[in-house]
**Student:** 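Below is one structure. I have some questions about it.
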Amino acid sequence: LATTPPKAIYTTRDGFVSNDVTRLYEDSRGDIWIATFSEARGGITRWERATETFHHYGQVDGLPPRTPAAIAFSEDRLGNLWIGVGDTDALARFRDGRFTLFTSEQGLPAGMTNYLYLDRAGRLWIASTLSGLVRVDDLSSERPRFITYTTAQGLSSNSVNCITEDRFGRLYVGTGRGLDRLDGDTGRIKP
């Protein structure tokens, strides 16, 4: 890469809200989702590979008026894109060209989303800064149900940073106080 010149360089002149890019995510269509941050407002932009054009999303698309930078991305098996929206206790789902925002009013537990993980069973797992580990089973539901795993169920901490899975379907949950192993089928947690 050190000797390869870039194919293109994009800036605010090309449609970005800010040149301060915080996250990139490639979806199953090969489109690149770009999270940016600025003092005035953050933003979510999608670079559409087929047309090589940028699409910026905002309030008219279902996002909050001042869209904070996206922290985490994950795409489910149905092609819905899930985005942990920074600076807020919100989770966004992009489906059919529009965002739906889930907050505490829709049952999402408190805390920012640090990480999103789709397991081999097709469930979405949310690493929360305050509410431990959150599971969503029916990703197509208009009002998904959020199931929490906290210190009350055996997690080492309610601040979860990351999630991964082994070939046996066990989840490994990185918390503020160590690594926990969770059996996704039984819900049993081992520190």
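As the structure is a prediction and not an experimental result, all values here were calculated from the model.
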**Student:** Atom CG of D76 and atom CG of L118: how far apart are they, to the nearest 0.5 Å?
**Tutor:** 6.5 Å
**Student:** Please find the pair of heavy atoms, one from A110 and one from L130, that lie closest to each other, and give the distance.
**Tutor:** O-CB, 3.7 Å
**Student:** To the nearest 0.5 Å, tell me how far N158 CG sits from R177 CZ.
**Tutor:** 9.5 Å
**Student:** Just so I know, are the side chains of S104 and D89 near enough to count as touching, which here means a heavy-atom distance under 4.5 Å?
**Tutor:** no
**Student:** Side chains of R98 and T100, heavy atoms from C-beta outward: is any pair under 4.5 Å?
**Tutor:** no
**Student:** Before giving the answer on side chain to side chain contact (heavy atoms under 4.5 Å, CB included), spell out for I126 and V136 the whole-Å C-alpha distance, their side-chain angles and the decisive distance to 0.1 Å.
**Tutor:** CA-CA 8 Å; I126 304 165; V136 183; 4.1 Å; yes
**Student:** Do I189 and I147 sit in the same hydrophobic cluster, where Ile, Leu, Val, Met, Phe, Trp and Tyr count as joined when their side-chain heavy atoms come under 4.5 Å apart?
**Tutor:** yes
**Student:** Closest heavy-atom contact between D31 and R49?
**Tutor:** OD1-N, 3.0 Å
**Student:** Answer whether the closest heavy-atom distance between the side chains of V21 and R23 falls below 4.5 Å.
**Tutor:** no
**Student:** For residues L24 and F73, determine if any side-chain heavy atom of one lies less than 4.5 Å from a side-chain heavy atom of the other.
**Tutor:** no
**Student:** Please lay out, stage by stage, how E165 and R181 fare under the test salt bridge (charged side-chain N to carboxylate O under 4.0 Å, His left out).
**Tutor:** CA-CA 9 Å; E165 183 177 18; R181 186 177 77 191; over 6 Å; no
**Student:** Take atom CZ of R188 as the centre, draw a 6.0 Å sphere, and report whether it contains more than 12 heavy atoms from other residues, nucleotides or ligands.
**Tutor:** no
**Student:** Would a distance-only check, ignoring hydrogens and angles, find a side-chain to backbone donor-acceptor pair under 3.5 Å from R95 to L78?
**Tutor:** no
**Student:** Among Y149, Y115, Y172, find the residue that satisfies the ring-ring contact (aromatic ring centres under 6.0 Å, His included) test when tested with W125.
**Tutor:** Y149
**Student:** Are L116 and M112 connected in the hydrophobic side-chain network, where two residues link if heavy atoms are under 4.5 Å apart?
**Tutor:** no
**Student:** Can the ring centroids of W82 and F94 be said to lie less than 6.0 angstrom from one another?
**Tutor:** no
**Student:** For a quick test of reading the model, state the closest non-hydrogen atom pair linking T113 to G84 and the distance between them.
**Tutor:** CB-CA, 3.8 Å
**Student:** Give the intermediate values and the outcome of side chain to side chain contact (heavy atoms under 4.5 Å, CB included) for residues Y25 and E75.
**Tutor:** CA-CA 10 Å; Y25 180 82; E75 185 176 8; 3.4 Å; yes
**Student:** Do I163 and L91 belong together in a cluster built from hydrophobic side chains that touch within less than 4.5 Å?
**Tutor:** no
**Student:** Should we count CD1 of I9 as having more than 12 external heavy atoms under 6.0 Å?
**Tutor:** no
**Student:** If only atom types and distance count, is the side chain of R120 paired as donor or acceptor with the main-chain N or O of F168 below 3.5 Å?
**Tutor:** yes
**Student:** With a 4.5 Å cut-off on side-chain heavy-atom distances among I, L, V, M, F, W and Y, is there a chain of contacts connecting L133 to Y117?
**Tutor:** yes
**Student:** Using the rule given for side chain to side chain contact (heavy atoms under 4.5 Å, CB included), can you reason through I71 versus V85, listing the C-alpha separation, both sets of side-chain angles and the distance that settles it, and then say yes or no?
**Tutor:** CA-CA 6 Å; I71 300 298; V85 184; over 6 Å; no
**Student:** How long is the span from the CD atom in Q59 to the CZ atom in F99, to the nearest 0.5 Å?
**Tutor:** 13.5 Å
**Student:** Just by distance, with hydrogens left out, do S156 and D180 show a side-chain donor and acceptor under 3.5 Å apart?
**Tutor:** yes
**Student:** Is the backbone of V160 close enough, under 3.5 Å, to the side chain of N114 for a donor and an acceptor to pair up by distance?
**Tutor:** yes
**Student:** When rounded to the nearest 0.5 angstrom, what distance separates CG in D138 from CZ in R145?
**Tutor:** 10.5 Å
**Student:** Going by heavy atoms in the side chains, are F146 and R135 under 4.5 Å from each other?
**Tutor:** no
**Student:** Without swapping roles, check the side chain of R46 against the backbone of Y57 for a donor-acceptor pair under 3.5 Å.
**Tutor:** no
**Student:** Taking a hydrophobic cluster as the set of Ile, Leu, Val, Met, Phe, Trp and Tyr residues connected by side-chain heavy atoms closer than 4.5 Å, whether directly or through intermediates, do L179 and L155 fall within one such cluster?
**Tutor:** no
**Student:** Tell me whether the rings of Y10 and F54 are parallel (<30°), tilted (30 to 60°) or perpendicular (>60°).
**Tutor:** perpendicular
**Student:** Can we say R29 and D27 salt-bridge, meaning some charged N sits less than 4.0 Å from an Asp/Glu carboxylate O?
**Tutor:** yes
**Student:** Taking all non-hydrogen atoms of both residues, which atom of L101 and which atom of A92 are closest, and how far apart?
**Tutor:** CD1-CB, 3.9 Å
**Student:** Could you tell me the separation between the CD1 atom of I32 and the CD atom of E48, rounded to the nearest 0.5 Å?
**Tutor:** 12.0 Å
**Student:** Would W33 and T45 count as a side chain to side chain contact (heavy atoms under 4.5 Å, CB included) if you check the C-alpha gap in whole Å, the side-chain angles of each, and the deciding distance to 0.1 Å?
**Tutor:** CA-CA 6 Å; W33 291 81; T45 303; over 6 Å; no
